[in-house]
Amino acid sequence: ATIPTRVAAGIRLALYVYEYLLHVGAQKSAQTFLSEIRWEKNITLGEPPGFLHSWWCVFWDLYCAAPDRREACEHSSEAKAFQDY
Amino acid sequence: ATIPTRVAAGIRLALYVYEYLLHVGAQKSAQTFLSEIRWEKNITLGEPPGFLHSWWCVFWDLYCAAPDRREACEHSSEAKAFQDY
Amino acid sequence: LSEYAPPPNPNSDHLVAANPFDDNYNTISY
């Protein structure tokens with residue numbers, strides 16, 4: 001069951017990285033990326049900044065708020081509360 | 001505290017997207033990305049597949065194992081156990 | 001491309017970078 005999961009996860013990540021590249025203004029990288037992974041598909045983007053960026057900000061905040069890391073890196077009080085909960 | 005967190009998260013994401021592009025084999029996209037975001041600092045890579053890809057697969061597995069989604073998409077038994085726990 | 005690269009032709013011709021937490025996101029079609 002894990003193989004399809006990893007393949008599906010890989011497709012979704014590539015899609016969201018492509019979207020991220022466009023939303024940060026790296027158009028050439030985005031087009032180069034599509035051709036290097038040989039995706040000719042037409043792709044509909046989500047709203048800026050895109051899902052990867054939104055997800056990452058939450059993930060990184062929680063990652064930094066972990067008890068054994070929170071002294072070393074910035075994190076929000078909400079993330080700290082979530083981790084402590 | 002959230003502003004520096006979001007700035008730090010944005011820098012980190014750019015770094016890990018660059019690492020992801022290299023580890024999937026999209027070298028041209030990776031170099032184009034660095035020049036488009038005008039990143040001059042040299043970057044030390046993590047082990048393949050890199051931080052972003054690794055955490056994304058964990059996230060996607062857990063996302064698919066959520067009780068209201070697990071019938072529709074593949075997930076690992078570990079992710080199911082974690083969700084049920 | 002490395003083993004970590006996505007398959008060259010994802011099964012759907014049209015990919016939508018939708019937020020997977022949106023209510024109308026349909027995991028099956030993706």
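Please read all numbers here as calculations on a predicted model, not as lab measurements. Order of the sequence lines fixes the chain letters, A, B, ..., with proteins taken first and strands second; residue numbering starts at 1 for each chain.
Scanning all heavy atoms of the two residues, the minimum distance from L15(A) to A17(C) falls at CD2-CA, 3.8 Å. Heavy atoms only, all atoms of each residue included: P6(C) and G10(A) are closest at CB-O, 3.8 Å. The two residues P8(C) and W39(A) come nearest to each other via the heavy atoms O-CD1, 2.7 Å.
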### Task
Would you check, one step at a time, whether the test side-chain contact (heavy atoms from CB on, under 4.5 Å) holds for L1(C) with R38(A)?
CA-CA 10 Å; L1(C) 286 174; R38(A) 298 196 295 282; 3.9 Å; yes
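P7(C) has its side chain within reach of I11(A): a pair of non-hydrogen atoms, C-beta onward, lies under 4.5 Å apart.
Among the candidates N42(A), I43(A), I37(A), the residue making the largest number of heavy-atom pairs closer than 4.5 Å to chain C is N42(A).
Between N19(C) atom CG and Y16(A) atom OH the span is 6.5 Å, to the nearest 0.5 Å. Taking CG of L15(C) as the start and CZ of R12(A) as the end, the distance is 7.0 Å to the nearest 0.5 Å.
Of the atoms belonging to F21(C), it is side-chain heavy atoms, and not backbone ones, that fall under 4.5 Å from chain A.
Dense packing is recorded around CD of Q27(A), with more than 12 heavy atoms of other residues, nucleotides or ligands lying under 6.0 Å away.
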